[in-house]
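Side-chain atoms are counted along with the backbone in the values below, which use heavy atoms only and exclude waters and symmetry mates. So that the names make sense, note that chain A is the first sequence line, chain B the second, and so on, each numbered from 1.
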2 protein chains.
Amino acid sequence: MKKNSPLYGVKPEVLKSPAYTLRAYEAEVKLNQNENPFDFPEDLKEETFRRYKERRWSVYPDFVPDSLRFSLAKFTGWHKDGVLVGNGSNELLQAALMVMVGKGSQVAIPYPTFTVYKLIANILGAKVVGIPLNPDMTYNVDELVSKANESRARVIVVNNPNNPTGSVLNKEGILQLLEKFSGFVLLDEAYYEFCGCSGFEFLERYPRLIITRTFSKAMGMAGLRVGYLLAHPDLATQISKAKLPYNVNQFSLTAAEVALENLERFQPAIQSILEERERLGKELNGIPGIRVYPTQANFFLVEIPVEPRTIFDDLYRHGILIRDVSSYPMLSKCLRISVGKREENDRLISALRTGLENAGAGAVHGTL
Amino acid sequence: MKKNSPLYGVKPEVLKSPAYTLRAYEAEVKLNQNENPFDFPEDLKEETFRRYKERRWSVYPDFVPDSLRFSLAKFTGWHKDGVLVGNGSNELLQAALMVMVGKGSQVAIPYPTFTVYKLIANILGAKVVGIPLNPDMTYNVDELVSKANESRARVIVVNNPNNPTGSVLNKEGILQLLEKFSGFVLLDEAYYEFCGCSGFEFLERYPRLIITRTFSKAMGMAGLRVGYLLAHPDLATQISKAKLPYNVNQFSLTAAEVALENLERFQPAIQSILEERERLGKELNGIPGIRVYPTQANFFLVEIPVEPRTIFDDLYRHGILIRDVSSYPMLSKCLRISVGKREENDRLISALRTGLENAGAGAVHGTL
């Protein structure tokens, strides 16, 4: 490479790393990003505006958002000094990985999973040890433990429930990881409100467990970027070194406080998503030719007998946006569908059924 | 270290790196963080609320904030594909360093300067080559170039104007760096609106120059965390790989757009700060025993003949908060004072004069 090239001096691991990109589509029915179909409540928006109006925008946010950390400590039951607040949980995952791994380190990551873990590890120069899920998308914990130990991985990252498969690592599985794997266990619990499963009860006993969660999904705040991390206070202190000062803007901090003070207001949306998940699962299962994987999150992974892109495009033409995950390993026949509102799910079901029929999937199924 | 310690596996460079901390003080007159003493205009706050109310908070921000990038491209006159938007310019500095340096790399940083550069470099495992400013706090460009080249630094980070000294690297100096140093030149222009000097004109010709700027200072948006980066589009693409997706929340993006559409509204505040800088500089110079360094930013570095902490504490008791920078290298006798509103500066001057007199500084000066 030429010395006056703009890329001369960029780390080779960065140059060969793909960028995380997502084409911006717009559609009436948006079931592509596992967002909450119910918006942040109107009156709580007003309350957030009212509080934020009184603050000077020209002044930096609190150096450490202590009042939010305090509320989160109370809410979760964890030590305040072990709670970190981030610009989305992604920032905290990045900070955690930054303090643990560097060039030459190994990071164990089951796959298929959320792409960002691998991207962060790559940029940091770490090597990713990928461990496949079972063909039915369940976790193979023995394999996880042995591969992670064998490669001397510094950390294993588990998304629980897992995006994009919906798979859950149950408590026995989490415990087995904590007992048998000798590195850090980083549990990304972005979807935990839809599952109820959590590694939380193990935090006190296993000081190398780190849990991240988010306000983006169940709390309807994806646009505001607020996440939190729970870990042993000594470890949290180290992780905070890789977190930039004033990393969360004061408006989002304000909204998060309003949300935590009004937790009960978010329950109806969660309840509705859980009921619709149940119903949507049954409806999807009733469509000929489709395979629906069990999920504990607010989305479904489905396998279809035709080219996923065809169906993605067809749905998009009908105003419905889902996620084509066919480029993920093991998922070449798959699509991911977020659970929406009842009427959105109805539109999806009907369009998907017709789309598959038109693509000949029903016929194929019928002849089997 | 014990295997079940929460710190076992944390990188040694992180363990030995200090955390960036700032004790939270509150005071009537806040001259400690180089914030804009004039808040974001009220009617533009309302306009931001109005626009953001119409958006769903539950939906992720734009994957790439194209409309803001477009506005910034227009505003700066740079290629849109070479503009990145970040959660404060710190995030962009971190992303830039992440793609350039790792364990064992060298980063050249003049000192004293903004602490965050060194913290980021340390966490990434890079070695910092510190190059002192001249005793009068001006840049020694020959020394910068030779030390940076000698150490084979991958990048040199220059804060221009420099925090906390106010020093400026003029155009000839920037050009000399670009011509003679063989690595990347990262210019942090956080305070450029108070200076007018910029490396911008060199971007087209020197594809390894990177400029970061912020909405935190002149635009009165420190609480909202918005910064931007200008670089060769190919380099910007690489840097964007280390930037997390959806890194800037939609509320702050909205506020930044409102600000750019109403640029003329921020001019009176900037003008007033510049006038007050002139006046405050003269007033400070008139206080016996004090040395005032020339500044092109919205703050002053002053050297005083007594223990800086004494004066810091004394001012704080009088409701005035400034920054004690005496722990910085070369600045053991120094304080940093942001330029406030006229009445704030008056209070500062009067309290500082009395404080120094009481501490005996005037007397010492009188005998010289």
Query raised in the report: Given a strict heavy-atom distance threshold of 4.5 Å, which part of Thr48(A) is in contact with chain B: side chain, backbone, both, or neither?
Result: side chain
Query raised in the report: Is the CZ atom of Phe70(B) crowded by more than 12 outside heavy atoms at less than 6.0 Å?
Result: no
Query raised in the report: At a heavy-atom separation under 4.5 Å, does Phe215(A) approach chain B through its side chain, its backbone, both, or neither?
Result: neither
**Report entry** Closest-packed option against chain A by number of heavy-atom pairs under 4.5 Å, given Ile210(B), Asn122(B), Ile239(B), Val14(B)
**Finding:** Val14(B)
**Report entry** Electrostatic pair Lys53(B)-Glu46(A), nearest N-O below 4.0 angstrom
**Finding:** yes
Query - Tyr60(B), part contacting chain A, at a heavy-atom distance under 4.5 Å - result: both
Query raised in the report: Looking at Met219(B), Lys103(B), Lys217(B), Glu13(B), which makes the most heavy-atom pairs under 4.5 Å with chain A?
Result: Lys217(B)
Report summary line: Heavy atoms of Ser58(B) and Asn36(A) approach each other most closely as OG-O, 3.3 Å
Query raised in the report: Does any N or O in the side chain of Asn249(B) come within less than 3.5 Å of the main-chain N or O of Gly223(A), such that one atom is a donor and the other an acceptor?
Result: no
Report summary line: Ranking Gln250(B), Glu35(B), Met100(B), Glu91(B) by heavy-atom pairs under 4.5 Å to chain A gives rank one to Glu35(B)
Requested in this report: Check whether Arg154(A) gets within reach of chain B through its side chain, its backbone, both or neither, counting any heavy atom under 4.5 Å.
Outcome: side chain
Query raised in the report: In this structure, are over 12 heavy atoms from other groups packed under 6.0 Å from Lys45(A) atom NZ?
Result: yes
Requested in this report: Please flag which part of Val101(A) lies under 4.5 Å from any non-hydrogen atom of chain B: side chain, backbone, both or neither.
Outcome: backbone
Requested in this report: State, yes or no, whether a side-chain contact exists between Ser182(B) and Tyr8(A) at a heavy-atom distance under 4.5 Å.
Outcome: no
Requested in this report: Pick one of side chain, backbone, both or neither for Ser240(A), based on which atoms fall under 4.5 Å of a heavy atom in chain B.
Outcome: neither
Report summary line: Bottom line for Val116(B): the part with an atom under 4.5 Å from chain A's heavy atoms is side chain
Query - Contact class of Ile120(A) relative to chain B, heavy atoms under 4.5 angstrom - result: side chain
Query raised in the report: Going through the distances and angles, do Val59(B) and Lys30(A) end up as a side chain to side chain contact (heavy atoms under 4.5 Å, CB included)?
Result: CA-CA 9 Å; Val59(B) 167; Lys30(A) 193 169 182 310; 4.1 Å; yes
Query - Proximity breakdown for Val248(B) and chain A, heavy-atom pairs closer than 4.5 Å - result: backbone
Report task. State yes or no: are the ring centers of Phe49(B) and Trp57(A) separated by less than 6.0 Å? Result -> yes
**Report entry** Contact origin within Ala255(A) toward chain B - heavy atom pairs under 4.5 Å
**Finding:** side chain
Query raised in the report: Around Arg152(A), counting heavy atoms of other residues, nucleotides and ligands shown, do more than 12 lie under 6.0 Å from its CZ?
Result: no
Query raised in the report: Do the non-hydrogen side-chain atoms of Leu244(A) and Gln94(B) ever get within less than 4.5 Å of each other?
Result: yes
Report summary line: Nearest heavy-atom contact between Ala222(B) and Pro61(A) is O-CD, 3.6 Å
Query raised in the report: Pick from Pro245(B), Ser252(B), Ala242(B): which one has the most heavy-atom pairs with chain A under 4.5 Å?
Result: Pro245(B)
Query - Proximity breakdown for Asp234(A) and chain B, heavy-atom pairs closer than 4.5 Å - result: both
Query raised in the report: Are the side chain of Arg225(B) and the backbone of Tyr246(A) linked by a donor-acceptor contact shorter than 3.5 Å?
Result: yes
Requested in this report: Side chain from CB out, backbone as N, CA, C, O: work out which of these in Phe38(B) comes under 4.5 Å of a heavy atom of chain A, or both, or neither.
Outcome: backbone
Report task. Mark yes or no for whether Asn87(A), through its side chain, and Asn247(B), through its backbone, hold a donor-acceptor pair below 3.5 Å. Result -> yes
**Report entry** Part of Val10(A) within contact of chain B (heavy atom distance under 4.5 Å)
**Finding:** both
Report task. Heavy-atom distances under 4.5 Å only: say whether Leu124(A) touches chain B with side chain, backbone, both or neither. Result -> side chain
Query - Residue among Leu235(A), Val155(A), Val99(A) with most heavy-atom pairs under 4.5 Å to chain B - result: Val99(A)
Query raised in the report: Do Gln238(B) and Leu7(A) come within less than 4.5 Å of each other through their side chains, counting heavy atoms only?
Result: yes
**Report entry** Side-chain donor or acceptor of Lys11(B) paired with backbone N/O of Met98(A) under 3.5 Å
**Finding:** yes
Query raised in the report: Do side-chain atoms of Lys241(B) reach the backbone of Ile123(A) as a donor and acceptor pair under 3.5 angstrom?
Result: no
